[in-house]
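Single-structure report; data block below.
Whatever order the structure lists ligands and atoms in, that order sets their numbers, starting from 1. Predicted model, so just to flag it, every value in this text is computed and none were measured. Starting from 1, each residue takes its place in the sequence as its number.
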Amino acid sequence: MKRRDVAVIGGGPAGLSAALVLGRSLRDTILIDAQAPRNMVTASSHGFLTRDGISPFAFRRMANEELTAYETVEIWKNTVRDIEKTPDGFTIDVESGEQIFSKKVILATGKKERLPSIQGFRDVFGKSVFVCPYCDGWERRGEPLAVFGSGEKVVAYASLVRNWSSDLVVFTNGEHLPGEARRELERRHIKVVEDAIAACYSVHGRLQSVQVENKGPIRRTGGFIMGTGTEQSFELPPRLGASMNERNEYETDAHGRTNINGLYAIGDASHSFTGLVCAAGEGYEAAVHLNKTMIEEEWQRERQAAAET
Ligand SMILES: Cc1cc2nc3c(=O)[nH]c(=O)nc-3n(C[C@H](O)[C@H](O)[C@H](O)COP(=O)(O)OP(=O)(O)OC[C@H]3O[C@@H](n4cnc5c(N)ncnc54)[C@H](O)[C@@H]3O)c2cc1C
């Protein structure tokens, strides 16, 4: 069985950043990554200083190359299937059948999107229809955009998107919008379409129009979706008893510590949408805290050993 100080599970910006700091802190670290990041559907990521516009896979390749300079970090392409708590750490089962023992674990496994089952939606998601205007609003500025969302919250979301384009149509996909919400949007010349969506038509991922039932296509060249509904990419077995919030995200303190001793959760696994730079920042924070904790534990053991001799 491989034995490590720390196992980082998930090699997105959160896990990669944690592994870098741990490796540099001389911690025997293994980074296990299934290589299916949340943003893999998109060609370019924005907002990470010095890497604005980089493709998600180029970002990861560069980070992986940096990590290979540290003999303290092993990178493993594999999928974690199960984790068990032991008195002094964790055992981790991976898809290929091996088992790893690790004193500490950082979960940086991210989220998966649950997209609406609209014909053609998968073709445009991440290409011309996005979740986060801060990530992709600049590229769509001034365009005729679709806003997919419903309920009162769609007003705030549409007001955010309107920062980048005033030519908006809100599609509620068959849901009735409360009267005041509808009036508030219409006062700002934002059209509301409550009919069910039949299809999104696109060319090479570029949205051309949104077809609603019993009506002609409505021309739109891009858009934003308010909430795709996400789920954890990896669920810890319930027997471990990790505390989750009402959105099924790991509850942590400011350092990423969960309620399970030695287990940290960072990035999208513990937030709705961290973004690349904040996920990387959380990786740094968790790694620093975890290393400090291990130093304190080692000092404590040495103190006890000295007292016993
Ligand atoms: C369409 C789209 C576009 C986006 N664009 C931007 C943008 O431009 N700028 C920006 O800042 N943010 C953007 N984001 C958000 C960004 O992708 C996430 O916030 C960020 O990737 C979170 O980082 P993470 O490390 O927590 O998770 P991820 O990057 O999702 O990485 C998690 C990793 O864990 C691995 N994993 C999962 N389960 C297991 C397992 N059981 N065993 C081993 N490995 C596992 C996955 O394969 C994956 O590699 C976008 C998101 C989407 C959906």
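- Residue Asp33 places at least one N or O, backbone or side chain, under 3.5 Å from an N or O of ligand 1.
- Contacts between Asn78 and ligand 1, counted as non-hydrogen atom pairs separated by less than 4.0 Å, involve the backbone only.
- Residue Ser44 has no N or O atom closer than 3.5 Å to an N or O atom of ligand 1.
- Contact between Ala269 and ligand 1 is absent, with no heavy atom of the residue lying under 4.0 Å from the ligand.
- Where the criterion is an N or O separation shorter than 3.5 Å, residue side chain and backbone included, Glu113 fails it with respect to ligand 1.
- When only interatomic distances are considered, the shortest N/O to N/O separation between Phe125 and ligand 1 does not fall below 3.5 Å.
- Using a 4.5 Å cut-off between side-chain heavy atoms of Ile, Leu, Val, Met, Phe, Trp and Tyr, Val288 falls into a hydrophobic cluster with Val21, Tyr284.
- On a distance-only criterion, Leu276 and ligand 1 share at least one N/O pair closer than 3.5 Å.
- Ligand 1 has an N or O atom lying under 3.5 Å from an N or O atom of Gly275, backbone or side chain.
- Checked against a 6.0 Å centroid threshold, the rings of Phe59 and Phe48 count as neighbours.
- Here Glu84 pairs with Arg239 under the salt bridge (Lys or Arg N to Asp or Glu O under 4.0 Å) rule; sequence neighbours left out.
- Every heavy atom of His271 sits 4.0 Å or more from the atoms of ligand 1.
- The shortest N or O to N or O distance between Thr79 and ligand 1 is not under 3.5 Å.
- With a heavy-atom cut-off of 4.0 Å, Arg81 does not touch ligand 1 at all.
- For a threshold of 3.5 Å applied to N or O pairs, the pair formed by Ser45 and ligand 1 contains no separation below that value.
- Residue Ala279 places no N or O, backbone or side chain, under 3.5 Å from any N or O of ligand 1.
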